[in-house]
Amino acid sequence: MISNAEVAKVLREIGEYLEMQGVAFKPRAYEKAADAVAGSGEQVSEIYEKGGLKTLEEIPGVGASIAEKIEELLKTGRLKYYEELKKKTPVDLGNLVQIEGLGPKNIKKLYENLKIKNLDDLEKAARAGKIRRLESFGEKSEERILKGIEFLKKSGGRAVLGFIMPVVRNIEERLKSLGEVEKVAVCGSIRRMQETIGDIDILVTSKKPRSVIDYFAAMPEVEHVYGKGETKTMVRLKIGLDADLRVVEPVSYGAAVQYFTGSKEHNIALREIAIKKGYKLNEYGLFSSGGGDRMIAGRDEKEIYEKLGLMWMPPELRTDSGEIEAAKTGKLPKLIEYGSLQGDLQIQTDWTDGKNSIEEMARAAVSLGLEYIAITDHTERLAMTGGLDKKKIVKQWAEIDKIQRKLGGRIKILKGTECDILKDGSLDLPDKVLAKLDVVGVAIHSRFNLSRRDQTERIKKAISNKHVHIFFHPTGRIIGRREAYEINMDEITETAKKTGTVLEIDAFPARLDLKDEHIRKCVAAGVKMSIDSDAHSVSHFQYLEFGIAQARRGWAERNDIINAWPLEKMRKFLKR
DNA sequence: GCCGTTTTCGGCCCGACTGTTTTCAGTCG
């Protein structure tokens with residue numbers, strides 16, 4: 001079966017090939033279609049199965065011609081049009097365009113003059129000094145290419161947000177503390193709280209731009225300064241990320257924050273609205289485009305949205321996937337707030353693979369203001385973690401009771417489990433033990449490569465057990481390391497709805513599982529979710545924030561997230 | 001190639017930077 005990601009990749013490459021040939025407008029059309037397919041919560045293969053060509057055309061950005069191409073891909077696994085383009089210029093586009101500063105036109109030039117087809121060829125040619133001899137290339141382009149290759153090798157290009165956020169916040173705080181800095185805003189994918197980020201974009205206003213720029217470029221975490229001017233500096237950080245600092249005029253601050261927050265698609269949609277209203281929108285402000293370019297708004301981000309006839313919206317929503325229509329009609333969701341969780345329903349301790357004791361975890365949770373936690377250690381099947389069997393878990397209950405007495409009313413410690421789902425969908429603890437637990441979470445930790453059908457049935461069976469409350473990290477993906485196992489998420493969501501099972505949003509930064517598109521479907525279907533830290537040490541509680549971000553990107557409100565509720569309401573829901 | 005509170009043709013987001021040019025193409029966000 002061909003996944004959305006694969007279809008999107010082919011469409012995107014077609015766009016790039018057409019760009020290469022200097023074709024007008026079509027490249028954008030293919031790029032847009034690729035984005036739509038990649039971002040679709042539903043598999044295009046399933047959309048096609050259900051309704052054929054016509055339903056494919058309902059995907060925004062997909063028309064008759066691209067629908068046919070998707071059909072051909074789904075049916076035959078190949079696409080003639082794509083293959084012909086590839087034959088004409090047989091290069092590894094997917095990887096080559098990853099190099100910063102290298103686009104389709106230059107890739108074509110490199111291929112035609114030096115027969116460069118892939119990253120290896122590129123690196124060799126650059127090292128041999130061949131590239132600088134090409135027309136319109138020079139020494140600097142060659143250097144940049146080598147740096148780009150190195151970056152790609154080292155980091156895969158993107159960093160997991162939750163892991164680098166402390167670095168970002170530290171830089172932000174230091175900038176704020178500078179006397180000459182007035183306002184600071186971290187923008188881009190960080191402000192949108194995306195799962196991963198490609199670089200760090202920071203905006204400031206200041207009366208002494210030069211001195212702020214000098215400070216930034218000289219920070220100890222800077223490895224290399226790419227460039228430094230009057231209003232902007234770009235640096236490479238030692239952690240392997242690029243960071244840009246821009247100084248903007250106060251009168252344009254709101255417009256700049258809006259612009260640099262993105263997403264690109266969201267901004268395009270906003271500018272289209274501006275044009276329809278007879279305005280022009282750029283990073284300096286909103287202007288009336290009729291003679292003289294009078295400024296309508298710019299100092300304040302909210303004002304820009306309002307002048308465009310939209311409600312201001314949280315950055316997490318800015319993906320051009322319905323938020324603009326909602327903002328037009330006043331139907332934006334009231335997103336779950338940061339800091340609004342009252343409990344955490346997945347926590348590991350030193351009874352299995354956690355680093356801290358039950359008491360240490362409980363005390364850490366108290367200090368964060370949580371009102372309840374569930375201790376959910378692994379079960380026997382996960383031998384490498386020293387998983388608890390039916391006898392050992394009973395012993396743990398006694399320990400929990402003891403610590404509960406010690407901590408008194410400061411926090412409620414619930415007895416739980418992260419029970420393994422076995423190959424056939426049965427569970428790693430007997431029902432009579434599960435029945436005595438406050439919180440039964442289940443999870444897949446083995447046999448990731450079952451067929452889609454078998455995996456789906458396995459999970460459906462597990463969450464249909466009447467003792468099961470929550471399905472932990474439902475897709476199993478780990479960012480940058482492991483793909484999700486094959487499942488039919490729609491069927492699982494449906495079963496969860498029927499059985500009242502909660503689907504987890506695992507907040508651990510490399511998991512963030514469910515994904516935003518799944519969350520949005522759960523919200524629409526009325527399937528409840530929990531946001532859990534999956535903490536394996538006291539320091540991991542801080543990751544709850546990124547789970548909330550994930551939920552917000554999935555349009556979730558407080559009522560969708562059971563551990564944003566008070567203890568009694570939450571427990572009543574689990575017991576139904 | 002897509003799309004339509006200007007609709008089935010004629011538009012399609014915008015500005016800055018870089019490196020190489022001597023007036024600009026390519027790329028990026």
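Below, chain A is the first sequence line, B the second, and so on; all start at residue 1.
- Salt-bridge formation is not detected for the pair A:E72/A:R78: no Lys NZ or Arg NE/NH1/NH2 atom is positioned less than 4.0 Å from an Asp or Glu carboxylate oxygen.
- When the P atom is used for both B:dC14 and B:dC9, the distance is 25 Å, rounded to whole Å.
- In this structure, CD1 of A:I273 is placed 13 Å from C1' of B:dT5, rounded to the nearest angstrom.
- Using a 4.0 Å cut-off, some side-chain N or O of A:Y284 falls inside it from OP1 or OP2 of B:dA16.
- B:dC3 and B:dT8 are spaced 16 Å apart, taking the P atom of each and rounding to whole Å.
- When rounded to the nearest whole Å, the span between CG of A:L270 and C1' of B:dC13 equals 11 Å.
- The CG atom of A:N267 sits 18 Å away from the P atom of B:dC28 (whole-angstrom rounding).
- In this structure, A:K32 reaches neither bases nor backbone, as no heavy-atom distance under 4.0 Å exists between it and the strands shown.
- Contact annotation for A:P104: backbone-only contact, meaning every heavy-atom pair under 4.0 Å involves sugar-phosphate atoms and none involves a base.
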Exercise for review: Might you work through the side chain to side chain contact (heavy atoms under 4.5 Å, CB included) test for A:D35 and A:E265, ending with a clear yes or no?
Suggested key: CA-CA 9 Å; A:D35 285 344; A:E265 293 74 20; 3.4 Å; yes

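- Residue A:K140 has its side chain nearest to B:dG19 when only B:dG29, B:dG1, B:dG19 are considered.
- With its ring centre under 5.5 Å from that of the base six-membered ring and a plane angle below 30°, A:F25 counts as stacked on B:dC12.
- With P as the reference atom, B:dG15 and B:dG10 are 26 Å apart, rounded to whole Å.
- Side-chain N/O atoms of A:N106 include one lying less than 4.0 angstrom from OP1 or OP2 on B:dT27.
- At least one side-chain nitrogen or oxygen of A:K69 sits closer than 4.0 Å to the OP1 or OP2 atom of B:dG1.
- Between B:dC13 and B:dC2, the two P atoms lie 15 Å apart (nearest whole Å).
- Residue A:A64 is in sugar-phosphate contact alone, with no base atom involved, counting any heavy-atom pair closer than 4.0 Å across all strands shown.
- No engagement by A:K277 is indicated, since no non-hydrogen atom pair under 4.0 Å with the nucleic acid exists.
- Mapping A:V97 and A:E142 onto DNA chain B by nearest heavy atom places A:E142 at the nucleotide closer to the 5' end.
- Whole-Å rounding puts the A:K228 NZ to B:dT18 P distance at 14 Å.
- Under the side chain to side chain donor-acceptor pair (under 3.5 Å) criterion, the residue pairs touching residues 103-112 of chain A are A:K109-A:S136, with sequence neighbours excluded.
- The base of B:dG29 is paired with the side chain of A:Y259 by a donor and an acceptor separated by under 3.5 Å.
- When rounded to the nearest whole Å, the span between CD of A:E272 and C1' of B:dT6 equals 14 Å.
- Using a 4.0 Å heavy-atom distance criterion, A:I99 is classed as a sugar-phosphate-only contact.
- Across every strand in view, B:dT18 sits in a pair with B:dA25 that passes the Watson-Crick or G-U test at under 3.5 angstrom.
- B:dG29 and B:dT23 have their C1' atoms separated by 24 Å, with the value rounded to a whole Å.
- Counting heavy atoms from C-beta outward, A:L512 and A:R477 have side chains that approach closer than 4.5 Å.
- Among the nucleotides B:dG29, B:dC2, B:dC13, the one closest to the side chain of A:R271 is B:dC13.
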Point to revise | Derivation and outcome, side chain to side chain contact (heavy atoms under 4.5 Å, CB included), residues A:H473 and A:F508 | key: CA-CA 10 Å; A:H473 45 74; A:F508 201 77; over 6 Å; no

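- Residue A:M234 is classed as a sugar-phosphate contact, given heavy-atom separations below 4.0 Å to backbone atoms only.
- The nearest whole Å value for the distance from the NZ atom in A:K276 to the C1' atom in B:dC14 is 16 Å.
- Within the structure, every side-chain polar atom (N or O) of A:R246 is placed at least 4.0 Å from both OP1 and OP2 of B:dG29.
- B:dG11 sits 25 Å from B:dA16 when the C1' atoms are compared, rounded to a whole Å.
- Among the nucleotides B:dG29, B:dC14, B:dG1, the one closest to any side-chain atom of A:I66 is B:dG1.
- Considering only side-chain N and O atoms, A:N282 lies under 4.0 angstrom from the phosphate OP1 or OP2 of B:dG15.
- In this structure, A:S136 and A:I107 both approach DNA chain B, and ranking their closest nucleotides by distance from the 5' end singles out A:S136.
- Nucleic acid contact class of A:L18 (heavy atoms, under 4.0 Å, all strands): none.
- Distance A:D320 CG to B:dC13 C1': 12 Å, rounded to the nearest Å.
- Classification of A:R132 and A:E142 as a salt-bridged pair holds, one side-chain N sitting under 4.0 Å from a carboxylate O.
- Counting to the nearest Å, the P atom of B:dG1 and the CZ atom of A:R12 are 18 Å from each other.
- B:dT5 and B:dG1 are spaced 23 Å apart, taking the P atom of each and rounding to whole Å.
- In this structure, the nucleotide among B:dC14, B:dG19, B:dG1 sitting nearest to the side chain of A:R144 is B:dG19.
- Side-chain contact of A:R191 with A:T261: a donor-acceptor pair under 3.5 Å is present, judged by distance alone.
- Remark: A:R246 does not engage A:E230 in a salt bridge, criterion side-chain N to carboxylate O under 4.0 Å.
- Counting any heavy atom pair closer than 4.0 Å across all strands shown, A:K26 reaches a base atom.
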